[in-house]
Engineer: 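Please find one structure pasted underneath; my questions will follow.
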Amino acid sequence: MNYYALIDCNNFFVSCERIFNPKLVNKPVVILSNNDGCVVARSNEAKKLNIPMGAPFFKYESYFFLHQVHVLSGNHALYADISRRVFLTLEEFSYPIEIYSVDEAFIQISGSIDSLVEIGKAIKEKIYQWVGIPVSIGFAKTKTLSKIASELAKKNSSSNGVYVLEETTFLFKSLFIQDVWGIGKKYKEKLNSFGIITIFDFIKEDPNWIKNAFNILLVRTQLELQGIPCIEIPNHEDYPKSMVHSRSLKKDYEDQKEIYSLLISFLSKLSTKLRSKKLETEGVGLFLYGNRFKDRSSFHAYRQLDFSTNTTSVLIQFFKPLFEKFKNDPFPVKRVGIYFFDLKLATEKQLCLLKIPDEKKDLMKTIDAINKKFPQSKLRYGSEAVDPYKMLSKKNSSSLYTTSFQELLTIRI
DNA sequence: TCTGGGGTCCTAGGACCC
DNA sequence: TCTGGGGTCCTAGGACCC
């Protein structure tokens, strides 16, 4: 029998922190978003204190203090590295795999229920032993069902973190549609308005009606819930179609030179990422937002290129006029972002009949190599901000234990 | 009164996910 | 005072074609 499994890291960001700081074990811990804005991860103990996902830090600060909640700024370089190690370990098992997010992966597997439980246990133990991250594993006939199974694995203490979902009819009468992968807030409200409350209600609806009232995605979800796989594991090495770098700022900024140089820093950072992944872009865009809790001002502009590139100077050249448009009708800026779209593999570069700007490939290579070797003293373009971080804020971050020699863990014996 | 019909392509916006 | 960031996919509607 063919199955899918979802391997899901438990409270991933918190678990990463706990590897290096055992004092956090069994304590309520929350991880904050950039700018220390809101809660993006919680330990089980923090969940028990009814701290919701997305809770704004400033509203909960005194509550955290009262309950001795450990509060950390997100250390995403660390989490990315731990994530990589988790999936390298999972790949040891040689099943077809899809890394779905920083803390989740699907695998495809066949076997009897008993053998699945054994394999699940083995995976769970190996990841914990090799990387130190606890995971939950859910097996089922489709990806959508395996999501539900992994939640059951997490909640069901008798399952030991591994759950095989077989019979669903009874279960679905007690599960709500909003617990289904692919059904968010809007769909939930609309489905509820038609009296569809549980997964059981949803499954017996006419697919044609769902197609007309919603879209093809929900029809797929419905089939998946009935055990008919519609969402496959991609069988090729995929690369991203777009890339964004965006941040909320410490305060509202009005100085256009400051905003511009920050955007150039972002552009430079994003092109470096593009090069490190051996990709090129055929489009560049930017967006600027005012403070979304006070005013709804926004600006958005993009430019399609006639060729693909990952050269910072070339991208700056095409970016400049986009920012000029903002100057016509400026507003105080609270959030900024740069994005690339229509990404292509650098190795499959299309030749262009038109004259394209000098790509300075060797210069880019040299700059990247120097910046990699000396991360403290970054080589940058003249128009980049000298210290982009002064426009952002970050307080309680843990160290880069696994990605920086300066910040290795110190152990006293 | 009554104003074609059928097709493709592109994009902005909206929904979802973590 | 203070509210994250990075992605994907689908669809309606407009522009354009004959």
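So that the names make sense, note that chain A is the first sequence line, chain B the second, and so on, each numbered from 1.
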Engineer: Remember a base hit wins even if backbone is also touched, and classify A:Lys251 as base, sugar-phosphate or nothing at under 4.0 Å, heavy atoms.
Structural biologist: nothing

Engineer: Name the nucleic acid region contacted by A:Glu104, choosing base, sugar-phosphate or nothing; use a 4.0 angstrom heavy-atom cut-off, strictly under.
Structural biologist: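 Touches sugar-phosphate only.
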
Engineer: Over 60° means perpendicular and under 30° means parallel, so tell me whether A:Tyr401 and A:Phe20 are parallel, tilted or perpendicular.
Structural biologist: parallel

Engineer: Please work out which of the three classes, parallel, tilted or perpendicular, describes the rings of A:Tyr289 and A:Phe287, given edges at 30° and 60°.
Structural biologist: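 Aromatic pair A:Phe287/A:Tyr289 classed tilted.
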
Engineer: Enumerate the residue pairs fulfilling side chain to side chain donor-acceptor pair (under 3.5 Å) with a member in residues 172-185 of chain A, sequence neighbours excluded, ordered by first and then second residue.
Structural biologist: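 Applying side chain to side chain donor-acceptor pair (under 3.5 Å) to every pair that reaches into residues 172-185 of chain A, excluding sequence neighbours, yields A:Tyr100-A:Trp181.
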
Engineer: Can you run through DNA chain B from 5' to 3' and write each base as (, ), [, ], | or . depending on how it pairs? Watson-Crick or G-U wobble, both distances under 3.5 Å.
Structural biologist: ....||||||||||||||

Engineer: Identify whether any heavy atom of A:Tyr339 sits under 4.0 Å from a base atom; if not, whether one sits that close to sugar-phosphate; answer base, sugar-phosphate or nothing.
Structural biologist: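 Since no nucleic acid heavy atom lies under 4.0 Å of A:Tyr339, the category is nothing.
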
Engineer: First contact, last contact: which nucleotides of DNA chain C are these for chain A, 5' to 3', heavy-atom distance under 4.0 Å?
Structural biologist: C:dC2 to C:dT11

Engineer: So if I take residues 174-184 of chain A and measure heavy-atom distances to DNA chain B, which residues fall below 4.0 Å?
Structural biologist: A:Val180, A:Trp181, A:Gly182, A:Ile183, A:Gly184

Engineer: Over all strands shown, is A:Val40 touching base, sugar-phosphate only, or nothing at heavy-atom distances under 4.0 angstrom?
Structural biologist: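 Base contact.
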
Engineer: When you measure from the side chain of A:Ser43 to the backbone of A:Val29, do you find a donor-acceptor pair of N or O atoms at a distance under 3.5 Å?
Structural biologist: yes

Engineer: Please evaluate residues A:Lys327 and A:Glu324 with respect to the criterion salt bridge (Lys or Arg N to Asp or Glu O under 4.0 Å), reporting the C-alpha separation (whole Å), side-chain torsions for both, the decisive distance (0.1 Å), and the verdict.
Structural biologist: CA-CA 5 Å; A:Lys327 292 184 178 170; A:Glu324 288 302 315; 3.3 Å; yes

Engineer: A:Asn215 or A:Pro240: which one's nearest nucleotide on DNA chain C is closer to the 5' end?
Structural biologist: A:Pro240

Engineer: Using a 4.0 Å heavy-atom cut-off, does A:Lys188 contact any base of the nucleic acid, only the sugar-phosphate backbone, or nothing at all?
Structural biologist: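 No contact.
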
Engineer: May I ask you to test the A:Phe200-A:Leu175 pair for a side-chain heavy-atom distance under 4.5 Å?
Structural biologist: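 No; the side chains remain at least 4.5 Å from each other.
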
Engineer: Taking it one step at a time, do A:Val71 and A:Phe57 satisfy side-chain contact (heavy atoms from CB on, under 4.5 Å)?
Structural biologist: CA-CA 9 Å; A:Val71 179; A:Phe57 178 51; 3.9 Å; yes

Engineer: May I ask you to list the residues of residues 189-196 of chain A, by number, that have any heavy atom positioned under 4.0 Å from an atom of DNA chain B?
Structural biologist: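 Nucleic-acid contacts, sorted: none.
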
Engineer: Mark yes when over 12 heavy atoms from residues, nucleotides or ligands other than A:Lys349 sit less than 6.0 Å from its NZ; otherwise mark no.
Structural biologist: yes

Engineer: With DNA chain C as reference, determine whether A:Met243 or A:Asn212 sits nearer its 5' end, using the nearest nucleotide of each.
Structural biologist: A:Met243

Engineer: Heavy atoms only, 4.0 Å cut-off, all strands: where does A:Tyr302 land among base, sugar-phosphate and nothing?
Structural biologist: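 If one applies the 4.0 Å heavy-atom cut-off, A:Tyr302 turns out to touch the sugar-phosphate alone, with no base involved.
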
Engineer: Please give the distance between the P atoms of C:dC18 and B:dT3 as a whole number of Å.
Structural biologist: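 One P to the other, the span is 25 Å.
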
Engineer: Which heavy atom in A:Asn310 sits nearest to a heavy atom in A:Glu359, and how many Å separate them?
Structural biologist: N-OE1, 4.2 Å

Engineer: With sequence neighbours excluded, tell me which residues meet side-chain contact (heavy atoms from CB on, under 4.5 Å) with A:Val102.
Structural biologist: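 For A:Val102 the side-chain contact (heavy atoms from CB on, under 4.5 Å) partners, ignoring immediate neighbours, are A:Phe12, A:Phe13, A:Ser83.
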
Engineer: Under the 3.5 angstrom rule, does the side chain of A:Asn21 hit a backbone N or O of A:Glu17 as a donor-acceptor pair?
Structural biologist: no

Engineer: Over all heavy atoms of both residues, which pair between A:Leu249 and A:Asn35 is shortest? Give the atoms and the distance, please.
Structural biologist: O-ND2, 3.4 Å

Engineer: Check step by step if side-chain contact (heavy atoms from CB on, under 4.5 Å) holds for A:Leu165 and A:Leu152.
Structural biologist: CA-CA 9 Å; A:Leu165 182 59; A:Leu152 295 171; 4.1 Å; yes

Engineer: Check the angle between the aromatic planes of A:Tyr95 and A:Phe93 and answer parallel, tilted or perpendicular using the 30° and 60° thresholds.
Structural biologist: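 Rings of A:Tyr95 and A:Phe93: parallel, as their planes differ by under 30°.
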
